[in-house]
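Worksheet: one structure, shown below.
Nothing here was measured: the structure is a model prediction, and the numbers come from that model.
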Amino acid sequence: MTYEHKGKQYVGVLSGVGGWAGIGLAAGLTDPNAGLGAVGGYAALSSYTNLGGQLTVFSLPNN
C-alpha cells in the first residue's frame, strides 16, 4: 500500500504466510478437502513455517 503523511510518500509491504496457501494454518482446518482442497494441498506448510508476518514500511525520496 502507499500513503502520504505530512507531505512525504510511504510504501508498506506485508509479507508472510497468507492467502489461499495459508487458509488451513490461519483457520486451524484439518479436513484435507476444506478450502477447496487447499488444506490438503498445503498440509506440509506447517512443517516449515508458522503464522505471522512482517510489515515493512519505507519512504520515497523527495523530489
Side-chain angles (χ1 to χ4, degrees):
M1 67 175 224
T2 69
Y3 62 94
E4 182 181 337
H5 179 69
K6 295 185 178 181
K8 190 145 185 83
Q9 186 75 31
Y10 294 87
V11 176
V13 180
L14 181 63
S15 60
V17 175
W20 207 243
I23 192 167
L25 248 122
L29 303 176
T30 55
D31 178 359
N33 295 315
L36 298 177
V39 173
Y42 296 101
L45 189 61
S46 63
S47 298
Y48 56 90
T49 191
N50 54 21
L51 286 179
Q54 177 172 317
L55 175 63
T56 304
V57 178
F58 57 93
S59 65
L60 299 178
N62 291 331
N63 290 336

Practice prompt. May I have the step-by-step check of side chain to side chain contact (heavy atoms under 4.5 Å, CB included) for Leu14 and Gln54, ending in yes or no?
Written response: CA-CA 6 Å; Leu14 181 63; Gln54 177 172 317; over 6 Å; no
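Ring geometry for Tyr10 against His5 counts as tilted: the plane angle lies between 30° and 60°, on a 0 to 90° scale.
Residues Val57 and Met1 share a hydrophobic cluster, clusters being chains of Ile/Leu/Val/Met/Phe/Trp/Tyr side chains in contact below 4.5 Å.
Applying the side-chain contact (heavy atoms from CB on, under 4.5 Å) criterion to Ser47, with sequence neighbours excluded, gives no partner residue. Applying the ring pair (Phe, Tyr, Trp, His ring centres under 6.0 Å) criterion to Phe58, with sequence neighbours excluded, gives no partner residue. Contacts of Glu4 classified as side-chain contact (heavy atoms from CB on, under 4.5 Å), with partners at least two apart in sequence or in another chain: Gln9.
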Considering only distance and modelled atom types, tabulate donor-acceptor pairs under 3.5 Å from the side chains of residues 30-40, sequence neighbours left out.
residue	atom	partner	partner atom	Å
Asp31	OD1	Asn33	N	3.0

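Val13 is not listed as a side-chain neighbour of Leu55, based on a closest heavy-atom distance of 4.5 Å or more.
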